[in-house]
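In what follows, a single structure is set out as structure tokens and then discussed.
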4 protein chains.
Amino acid sequence: MSETREESVRVGVVGGTGYTGQEVLNLLARHDGASVVFATSRSSAGEPTPVPGLPFTPPDRQAARDVDVLFLCLPHGHAAEWVEALLGSGGRAPRIIDLTADHRPGSGRESAAVYGLNEWYREEVGDASLVANPGCYPTGILTALLPLVQGGAVDEDRLTVINAASGVTGAGRAARVDLLFAEVSGNYKTYGGGNRHRHLREVRAELGTLQVLFQPHLLPVPRGILETIVLPVAPGVSADDIREAWQARYQGEPAVRVQDRGLPQLRDVVGTDRAHLGVEETEETGAPVVVVGAAIDNLGKGAAGQAVQNFNAMMGWPTERGIRC
Amino acid sequence: MSETREESVRVGVVGGTGYTGQEVLNLLARHDGASVVFATSRSSAGEPTPVPGLPFTPPDRQAARDVDVLFLCLPHGHAAEWVEALLGSGGRAPRIIDLTADHRPGSGRESAAVYGLNEWYREEVGDASLVANPGCYPTGILTALLPLVQGGAVDEDRLTVINAASGVTGAGRAARVDLLFAEVSGNYKTYGGGNRHRHLREVRAELGTLQVLFQPHLLPVPRGILETIVLPVAPGVSADDIREAWQARYQGEPAVRVQDRGLPQLRDVVGTDRAHLGVEETEETGAPVVVVGAAIDNLGKGAAGQAVQNFNAMMGWPTERGIRC
Amino acid sequence: MSETREESVRVGVVGGTGYTGQEVLNLLARHDGASVVFATSRSSAGEPTPVPGLPFTPPDRQAARDVDVLFLCLPHGHAAEWVEALLGSGGRAPRIIDLTADHRPGSGRESAAVYGLNEWYREEVGDASLVANPGCYPTGILTALLPLVQGGAVDEDRLTVINAASGVTGAGRAARVDLLFAEVSGNYKTYGGGNRHRHLREVRAELGTLQVLFQPHLLPVPRGILETIVLPVAPGVSADDIREAWQARYQGEPAVRVQDRGLPQLRDVVGTDRAHLGVEETEETGAPVVVVGAAIDNLGKGAAGQAVQNFNAMMGWPTERGIRC
Amino acid sequence: MSETREESVRVGVVGGTGYTGQEVLNLLARHDGASVVFATSRSSAGEPTPVPGLPFTPPDRQAARDVDVLFLCLPHGHAAEWVEALLGSGGRAPRIIDLTADHRPGSGRESAAVYGLNEWYREEVGDASLVANPGCYPTGILTALLPLVQGGAVDEDRLTVINAASGVTGAGRAARVDLLFAEVSGNYKTYGGGNRHRHLREVRAELGTLQVLFQPHLLPVPRGILETIVLPVAPGVSADDIREAWQARYQGEPAVRVQDRGLPQLRDVVGTDRAHLGVEETEETGAPVVVVGAAIDNLGKGAAGQAVQNFNAMMGWPTERGIRC
């Protein structure tokens with residue numbers, strides 16, 4: 001597993017007890033090219049990590065300089081200072097994969113980082129010193145829509161409606177009353193509506209002029225995201241055309257699966273690092289629309305899985321090394 | 001409770017062990033104007049019902065003739081023959097509230113029945129011998145959209161997108177592998193897509209020429225429906241205008257609540273017989289849209305609660321008698 | 001509902017936004033003998049309560065003096081000072097029903113209060129100025145075991161093993177990571193083991209010399225308690241004898257139901273204010289034991305329901321007035 | 001993965017769409033020593049299996065003769081005829097791992113099989129032509145108690161009380177109303193009580209004269225078993241003694257973990273093939289008892305994981321090959 005071997009890359013994880021950090025550690029502990037040399041936690045220092053023999057330690061920037069690759073799994077807003085301290089001051093520094101929103105498109109700091117939408121920017125990630133790992137919602141949306149927008153399948157004069165639903169780990173591991181079991185169980189609700197969700201900036205940066213309405217919901221499940229997109233299509237575009245556009249773009253990509261028929265569901269992807277895409281035609285809608293579905297595990301392809309794909313890209317390794325696809 | 005009192009109306013329930021039938025019986029057992037004289041079940045004859053002292057009995061059409069009002073809580077497709085046998089042949093017959101789809105708009109038998117969307121057809125229900133109790137999805141959609149379409153708030157040239165999600169009791173109490181706990185728990189999926197859901201005929205019958213795309217989802221919760229509607233609005237129509245249109249229409253209606261702000265959630269309505277309506281404005285969507293939310297309990301306002309409202313209408317009683325609002 | 005009527009008793013609720021406080025308010029709002037004149041909340045002052053037209057207000061001891069009966073729904077440890085301030089200093093004071101553990105047997109303050117195990121101390125409650133409303137676990141245990149211990153059915157030389165499981169609202173509405181949906185969902189665990197749970201003092205105070213082992217578990221459900229008790233019985237004691245002992249003791253008690261056969265389950269009682277009792281015989285255990293089951297809703301009979309029974313007892317009203325049984 | 005390699009063992013799976021069969025296939029698909037050459041399903045023939053490129057095929061006894069090892073993942077009662085047909089009639093036959101109860105102790109057919117409690121009978125499994133894979137409940141109980149009974153830590157004159165709780169996949173993937181999401185969600189109940197559960201024969205066969213009371217419960221979770229055992233101990237036996245007895249017995253066993261402190265919980269083991277054991281001391285119980293906890297995933301260590309351990313034993317491979325521990 002992760003004992004240091006000659007060819008192992010030394011990695012560190014900052015913030016290992018949040019849901020994202022746990023998942024990153026679970027993957028790295030089983031990754032045969034990585035050797036986890038530390039994992040930090042303020043609250044759980046001394047407790048065991050998923051890496052055999054490695055306890056959590058308090059955050060330590062000096063130790064962070066001593067690894068090859070650093071994964072930042074902090075609350076949003078707390079990664080920027082780590083990046084500045086490590087990359088902004090000279091001296092030995094690790095390459096950094098930032099899983100927070102701090103360096104994503106729309107953050108104001110995006111120019112310092114490569115956007116790590118892996119199947120689209122893998123080559124740039126290979127050369128990057130700082131990667132902004134994409135948000136979970138944008139990963140599903142962009143994986144589904146980028147090939148269609150670029151291929152001209154979308155009627156950009158009409159509104160694309162993105163109905164999204166996420167499990168509660170998407171909100172992080174914070175002690176909040178609204179995330180208690182007794183509040184979430186049996187419930188289902190919208191949030192972040194009116195196109196004001198933070199993730200939307202990231203989507204717009206990639207999709208250009210496409211008009212979208214993005215409405216997220218909170219699901220009573222621990223993990224998984226399903227995005228059900230009502231997509232206005234150009235005249236004559238069929239579901240088969242959509243599938244073909246995806247297949248052409250993602251052929252040979254193990255972390256993206258295109259379904260032969262129907263729309264994906266959460267259970268297809270929970271516990272994996274894959275995205276599943278599907279499409280269905282519709283009747284009697286006036287101008288033509290199709291329904292596109294994108295499913296990911298928000299902690300897998302939507303966070304830790306894609307981070308490991310980016311780690312692999314940095315190392316020049318196959319994208320599927322150490323991920324569940 | 002349900003002991004026969006001088007003014008009690010004699011009622012019977014056919015199909016009392018399905019989820020809808022259980023809920024109807026729970027309400028009628030506490031309704032101070034109703035005396036439940038029988039409740040049928042093929043599989044549970046002899047077992048106790050929610051009505052103290054009343055066991056389930058096998059279906060019996062002769063007994064059904066002897067009540068004032070009959071509630072049909074059968075699987076879809078099985079009510080039509082009961083109606084034909086009781087109403088089509090002369091002789092004493094009960095007034096019937098059919099909770100199946102058999103006599104709803106689009107069924108081909110709708111001309112024989114009054115459509116029991118209570119806040120809209122209460123007067124007609126008062127005179128009806130046969131009421132087609134509305135479907136759960138249409139109840140939420142129509143309650144939200146009818147005042148807006150009639151008031152001219154909707155831009156009918158653009159597509160109205162209805163994303164809906166329902167708890168599993170909406171699928172009935174059938175022994176199906178896809179409804180097992182181990183299949184549904186942790187999952188979330190679309191179904192009946194492409195505008196091919198049975199309920200859509202009912203919606204179209206009432207909404208006329210409005211173009212809609214209806215996409216239902218299955219939620220891992222026992223009960224409740226949330227409909228999140230992306231509604232294209234006429235120029236200048238604000239969220240306040242929408243709320244005012246609802247308030248004007250539903251003033252004095254105890255089973256419909258208009259929220260002052262935000263969108264409703266499942267927990268607001270689970271275990272009640274109310275509909276909750278809410279609306280939020282949006283930004284940057286090109287032509288203007290608002291997001292409308294309608295929440296009901298599929299077994300409450302979406303089935304048994306509205307059936308009791310219709311029963312009350314038949315008797316000339318206040319609509320809230322015996323319901324949870 | 002709760003409009004002030006001539007015969008209405010003026011009540012106040014301190015701590016109305018915890019799970020217990022919410023349930024007390026839900027019951028009182030529908031209680032036709034009570035008029036809720038205030039409900040306090042530090043965090044939600046100004047927000048609506050379940051009582052139409054009544055918003056939450058900040059805690060106010062002067063206002064508390066002005067009601068007839070005061071319900072204390074605070075975190076454990078915070079009720080004692082309210083009681084001392086109101087009852088210890090002369091002047092007009094309300095009668096108090098304390099839903100915390102502060103005055104229960106074993107608290108050190110039990111001598112100041114009547115223990116409100118309603119079916120056992122109703123008469124004393126009728127005269128009390130301060131009632132210690134029982135804990136949820138003890139309510140189930142004592143309701144099941146008191147008639148059996150007093151009737152000599154239990155072999156007190158052997159250990160009585162109480163395996164208990166509770167939904168998460170039993171832990172209160174605190175922002176704790178271990179109560180988050182993503183932590184509780186799909187999990188099941190023991191806690192408070194080794195006979196060190198706070199509630200055990202309360203049980204021992206009533207059951208005397210009976211040797212018990214009490215092992216609670218946390219269930220991934222919002223509400224409900226099931227206690228599965230392996231009970232050593234005296235020679236010749238059958239399940240029928242146990243049921244007869246219960247029936248003799250609880251005849252005419254609407255909030256306790258004895259099942260004719262089998263053990264109760266959570267769904268029998270969730271959302272009600274009843275306890276359900278059942279018993280099953282066993283084979284091949286050496287000395288004879290039976291398995292006794294007691295099920296309650298921890299927020300119903302285990303908290304708010306019993307509090308309303310105690311309120312009714314204070315007023316000389318029927319015990320079932322305003323409760324769900 | 002599972003492409004046929006020189007050293008791969010050819011395996012077949014009968015009954016691949018039940019929960020146990022799915023889990024066996026998931027493990028075998030990733031086992032680098034196994035090549036799955038067929039997986040049968042009556043209902044899903046033609047559908048894909050977890051093994052890339054391999055669709056389900058209808059049951060075929062001739063094909064079954066052609067593999068090295070056959071996994072029977074059928075409903076209880078349906079394996080015996082397969083075994084008889086393949087092993088009772090001469091000709092080439094596979095070695096068989098039967099995951100049903102058909103050849104377990106107490107079945108009446110146990111003499112034909114080696115009982116596959118892996119950490120206890122690994123050597124015998126290595127030579128066996130037919131292995132009876134243990135039941136899920138017995139696996140936890142026996143793993144915890146065998147070292148203690150054999151080491152004399154248990155006071156056999158008193159009753160050992162085993163409170164067990166299982167997720168719903170333990171009941172199989174049958175279309176039963178009582179296993180529907182809407183029935184199980186929010187519920188918790190006993191079943192198979194009074195020491196009449198099928199699994200108990202298996203436990204008694206191994207534990208000899210120990211007196212036990214076994215009370216299973218159904219948990220509203222998809223998977224996992226927790227057994228909370230109130231164990232009468234011999235004078236002077238401490239929790240440390242218990243842990244030492246386990247550690248001595250299971251040293252070097254990767255699929256059994258002994259916790260340093262506290263009792264295990266479901267989340268420790270769900271999705272793994274490990275058993276977790278823990279123990280806590282208790283106070284004030286009269287004669288001394290400890291509380292022992294055993295947690296497994298019913299589909300992992302309780303079924304498929306142990307089956308793969310037994311497969312490894314047949315091949316002389318390390319027990320952890322291809323399992324999640």
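Predicted, not measured: the structure shown is a model, and the values here were computed from it. Residue numbers start from 1 in every chain, and the chains themselves are labelled A, B, ... in the order their sequence lines are given, proteins ahead of strands.
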I need the contact set between residues 214-226 of chain D and chain C: heavy-atom distance under 4.5 Å, sorted by residue number.
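Contacts with chain C: D:Gln215, D:His217, D:Leu219, D:Pro220, D:Val221, D:Leu226.
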Under 4.5 Å from any heavy atom of chain D, what part of [X] do you find: side chain, backbone, both or neither?
{"X": "C:Arg204", "value": "side chain"}
{"X": "C:Val212", "value": "backbone"}
{"X": "C:Glu281", "value": "backbone"}
{"X": "C:Val289", "value": "side chain"}

What part of D:Glu283 lies closer than 4.5 angstrom to a heavy atom of chain C: side chain, backbone, both or neither?
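Both backbone and side chain.
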For D:Asn187 against C:Gln265, the heavy-atom pair lying closest together
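Taking every non-hydrogen atom into account, ND2-OE1, 2.6 Å.
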Below 4.5 Å, heavy-atom pairs only: which of D:Leu266, D:Thr282, D:Val291 has the largest tally toward chain C?
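It is D:Leu266.
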Evaluate the side-chain proximity of C:Glu183 to D:Arg267: yes if any heavy-atom separation is below 4.5 Å, no if none is.
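Counting from C-beta outward, D:Arg267 and C:Glu183 do come under 4.5 Å.
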Side-chain heavy-atom pair D:Leu159, C:Val161 within 4.5 angstrom cut-off
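Not in contact.
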Straight-line distance of D:Ile162 CD1 to C:Asn163 CG, nearest 0.5 Å
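Rounded to the nearest 0.5 Å, the CD1-CG separation comes to 12.0 Å.
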